[in-house]
Number of protein chains: 2
Amino acid sequence: MAVNLKQLAEILGLSQTTVSRALNGYPEVNAETRQRVLQAVRETGYRPNRAAQRLATGKAYSIGLVMPIAPGIDSDIHFGEFLAGLAEESVKHDFHFVINPSAPDDEEATFRRLAASGNVDAVFLAYMRANDPRIPMLKALSIPFVVHGRSIGGPRDYPFLDIDNTQAFYDATKLLLQLGHHRIGLINGPDYLAFSMRRKKGLTRALEEWGLGLDEELVHHSVMADEYGYRSMQHFLERPDPPTAVLCSSTVLALGAVRAINRAGLVIGSDISIIAHDDVLPMLKPENFSVPLTTTRSSLRAAGARIATRLIGGILGRDTYPEQELWRAELIVRASTGPAPGR
Amino acid sequence: MAVNLKQLAEILGLSQTTVSRALNGYPEVNAETRQRVLQAVRETGYRPNRAAQRLATGKAYSIGLVMPIAPGIDSDIHFGEFLAGLAEESVKHDFHFVINPSAPDDEEATFRRLAASGNVDAVFLAYMRANDPRIPMLKALSIPFVVHGRSIGGPRDYPFLDIDNTQAFYDATKLLLQLGHHRIGLINGPDYLAFSMRRKKGLTRALEEWGLGLDEELVHHSVMADEYGYRSMQHFLERPDPPTAVLCSSTVLALGAVRAINRAGLVIGSDISIIAHDDVLPMLKPENFSVPLTTTRSSLRAAGARIATRLIGGILGRDTYPEQELWRAELIVRASTGPAPGR
DNA sequence: AATTCCTCTCAAAGCGCTTTGGATATCCAC
DNA sequence: GTGGATATCCAAAGCGCTTTGAGAGGAATT
C-alpha cells in the first residue's frame with residue numbers, strides 16, 4: 001500500500017540517500033533529479049514515516065502544552081479557540097501535541113519534566129504575568145519556546161507573539177474621547193495578567209493625553225466570563241455618575257455588559273457606548289449583537305496558527321521568522337459607539 | 001546522561017533481548033532476573049525511547065482527537081475539562097495527541113485522513129447524536145475508538161463510556177415529586193445531542209410513573225451557556241403557571257437560571273427548587289452557589305481520564321476493561337431543593 | 001544413559017529514515 | 001592530458017527498540 005523510501009528509491013533507480021536529500025532540500029542533488037523525485041512522490045503518495053524520522057534525527061516533531069487547570073483558572077473558551085489555531089497548523093505539518101494539565105503552582109515541575117522527557121522539541125506559553133518566572137526558567141532549561149503575549153518587566157529577549165494591547169485600547173479610547181465621552185469605564189480581564197495591565201495602560205494614556213485622569217472606580221478586573229461582564233456593568237450603572245462609555249476586554253464580557261444595559265432600559269450607542277476586544281470567537285460575533293459592537297479585533301485562532309508556524313519553523317531549522325511580533329488590533333467601528341449623551 | 005537499552009543490558013550483563021522482555025512482561029524470563037532488571041531501571045532512570053518503540057512496533061502511541069470547531073458548536077468549557085482528563089492520563093503513559101480541528105460537515109474526511117495517516121492508534125469521539133454516522137464509519141475504517149456518551153439507535157456493539165443520564169434525571173425528578181412538585185421544568189442542552197434526549201426521557205418517565213405528563217412548554221433546549229440558562233428561566237417565570245422546580249443540564253446553565261430567579265425576587269429552595277447536573281467543573285462548584293445546589297454529579301474529567309485509560313489499554317493490548325461502561329450519577333441533595341410551595 | 005522437554009538466554013535481523021564518508025564523472029585551467 | 005575542483009550520486013552505518021529463530025543447560029522421561 002504505502003511505499004517507503006527504499007521502494008521509492010528503487011522505482012526511481014536512485015539511492016535512498018539521493019531521494020532523501022532531494023526531499024529535504026539539500027543542495028547536492030541535480031535539479032532535474034529532484035523534479036523526478038518530487039514527481040514520483042506525487043504519483044506514489046509517499047509520506048515519510050515519522051517514527052523513523054524521529055529516531056534518525058532525534059527530533060520529537062511535537063510541541064508541548066501546559067494546560068492551566070485549577071479552580072479559578074481560565075480553562076475558558078479562549079483557550080479552546082487558541083488551541084484550535086495551534087492544532088490547525090500543527091496537523092498540516094504532522095506535529096503532535098503533548099498536553100500536560102497542571103495546576104499553576106506545579107507548572108515549574110511540569111515544564112522541567114517535559115523538557116527532560118525529550119518528548120517535545122519546543123513548548124508554548126501563555127497567560128503571561130508581570131515578571132513571569134517561566135521565561136527565565138525555560139531559558140535555563142534551554143528548550144525552545146514561543147510565548148503568546150508578553151511579560152512585563154524581566155528579560156526582554158525572548159520570542160513572542162503579542163497583540164499591541166496598549167495601542168488597541170488607546171485607539172478605542174481615542175475614538176470615545178473624540179465622540180465626547182469623558183467618563184470611560186473598563187471591564188478588564190484578571191488584573192495579574194499582562195494583557196489586562198496593558199489595556200488599562202492604553203486607556204490611561206489616551207485619557208491623559210486628553211487632559212483627563214483615570215477613575216480607578218471605573219475599572220473592574222475579573223475572569224472573562226459573561227457573568228462578570230454583567231455584574232461589572234451593573235455596578236457601573238448603579239453609580240451616581242455612571243460612565244458614558246465602557247471598554248470590555250472580551251466579547252464574552254461584553255455579552256454580559258450588554259445584558260445589564262438592556263435591563264437598565266438604556267440604549268447602546270446613544271445612552272452608553274461600548275467597545276469590546278474581539279478575539280474572533282466563532283460563536284460570538286460582534287456583528288450579531290443586538291446592536292453591532294464596535295471592536296478592536298485580532299483573531300486568537302490566527303495567533304495560535306502563527307505560533308505553531310513559528311514553533312515548527314524553529315524546530316525544522318528554517319527560522320527566518322522574526323523572533324518578536326506585535327500585531328496591531330484593528331479598530332472596527334459599528335453601531336455600539338456614538339456621541340456622548342447631552343453633547 | 002540518559003542510558004539506553006544497550007547500555008542497560010551491558011550493565012546487567014544480559015542481552016538486550018532479555019532486558020526488553022523483562023520490561024515488557026514476557027513470560028520467558030526468570031523472575032529473579034526480572035527483578036534485577038527492574039532494579040537497574042530504577043537506579044539508572046532508564047526510559048525507553050518512544051521513537052524507537054514506535055518504529056519497531058509500528059504503533060503510534062498516540063490518540064486522535066477531532067475537535068469540533070465552528071459557529072455554534074460547543075467549543076465550550078466542558079470540552080476543556082474533558083480534555084484535561086484525557087491529557088492527565090495520557091501524559092502518564094507517554095501518549096501523544098493529534099488534534100484535528102474540523103467543522104462538523106468535514107468530520108468524516110478528517111477521520112478518514114487521520115486513520116490513513118497512521119499517526120494514531122485510536123480515536124476518541126463525543127457529542128453523540130441519534131444514529132450517529134461516525135460510529136459505523138469508524139467501524140468501517142477499523143480504527144479502534146471509544147466514544148464518550150452513547151448514540152441513540154444504530155449499532156449497539158461499540159465501546160463507550162457514558163453516564164446514565166436517564167437515570168440521573170429520573171432520580172432528580174423523583175426527588176422533586178416526593179417534595180410535592182408537579183410542574184417541573186427542564187433547561188436542557190442542545191436537542192440533537194443524545195444526552196439531552198436521555199435526560200428529558202428521565203424526566204418524562206418519572207412524571208409518568210407519578211401519573212403526570214410532561215409539559216413540552218417547560219422544556220428548553222440550548223447551548224450550555226450561562227446566558228441561555230438565564231433566558232430560559234426568565235421565560236418560565238413569566239408564564240401564568242410557572243414551574244415550581246427546574247432541572248438544569250449543567251451548572252453553567254444553572255448559573256444563569258439562578259440569576260433569573262434572584263432577579264425575580266424569588267427564594268431558591270422554597271419558592272422554586274433547582275437541581276442541576278454537575279460535571280464537576282473546578283471553577284463552578286455547586287456548593288459555592290448562593291444557595292448550594294442540589295445536583296446529579298459525575299466528573300467530566302474523571303470520564304476523560306477513564307477513556308484515556310481504556311484507549312491506551314486497548315492499544316497496549318491489555319484490554320481487560322469492559323467495553324461498555326455506564327456510570328451512575330450521584331444525586332447530592334443540598335439547599336436548592338425544598339418542598340413545593342403551598343404544600 | 002539417551003532422549004525429550006522446559007526454561008532461560010542470546011545473536012542478529014529488522015523497523016524506515018538520516019547522514020557520513022567516499023566514489024565517479026565532468027569540467028576547467030595549465 | 002594531467003591535477004584539482006565541482007557536481008552528483010551511492011553504500012553503509014547508525015538511531016534504539018522489538019522480535020524471530022535458535023542454543024545452552026538442566027530436569028524429567030524413557
Rounded to the nearest angstrom, tell me the gap between atom [atom1] in [X] and atom [atom2] in [N].
X        : N       : atom1 : atom2 : answer
Glu10(A) : dC17(C) : CD    : P     : 13 Å
Gln16(B) : dT20(D) : CD    : C1'   : 15 Å
Leu23(B) : dC17(D) : CG    : P     : 10 Å
Leu12(B) : dC10(C) : CG    : C1'   : 14 Å
Asn30(A) : dT24(C) : CG    : C1'   : 15 Å
Leu55(A) : dG14(D) : CG    : P     : 14 Å
Asn49(A) : dC17(D) : CG    : P     : 17 Å
Leu8(B)  : dT18(D) : CG    : P     : 12 Å

Shortest non-hydrogen pair, Ser298(A) vs Trp327(A), comes out as OG-CE3, 4.0 Å
How far apart are the closest heavy atoms of Ser90(A) and Ile312(A), and which atoms are they?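 What the structure gives for the nearest pair is CA-CD1, 3.9 Å.
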Phosphate oxygens OP1/OP2 of [N]: is one of them under 4.0 Å from a side-chain N or O of [X]?
X        : N       : answer
Thr18(B) : dC10(C) : yes
Gln53(A) : dT18(C) : yes
Asn24(B) : dT18(D) : yes
Tyr61(B) : dT18(D) : no
Tyr26(B) : dC8(C)  : no

Angle class for the Tyr61(A)/Phe95(A) ring planes (parallel below 30°, perpendicular above 60°, tilted otherwise)? perpendicular
Which nucleotide, dT20(D), dA11(C), dG14(C), lies nearest any side-chain atom of Arg21(B)? dT20(D)
Considering only dT18(D), dT9(C), dC17(C), which nucleotide approaches the side chain of Pro48(A) most closely?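 Of the options given, the side chain of Pro48(A) lies nearest dC17(C).
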Would you confirm whether the ring centroid of Phe124(A) sits within less than 6.0 angstrom of the ring centroid of Phe82(A)? yes
State whether the distance check finds a donor on one side and an acceptor on the other, under 3.5 Å, for side chain Thr17(B) versus base dT19(D). yes
Closest-nucleotide mapping onto DNA chain C: is Tyr46(A) or Val19(B) further toward the 5' terminus? I mean the 5' end.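 Its nearest nucleotide being more 5', the pick is Val19(B).
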When you match Val29(B) and Ala52(B) each to their closest nucleotide on DNA chain C, which lands nearer the 5' end?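 Going by which nucleotide is closer to the 5' end, it is Val29(B).
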Is Ser20(A) touching bases, backbone alone, or none of the nucleic acid, heavy atoms closer than 4.0 Å? base
Look at all strands and tell whether Glu28(B) reaches a base, only sugar-phosphate, or nothing, counting heavy atoms closer than 4.0 Å.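 Contact class for Glu28(B): base.
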Presence of salt bridge, Glu89(A) and Arg306(A), under 4.0 angstrom: no
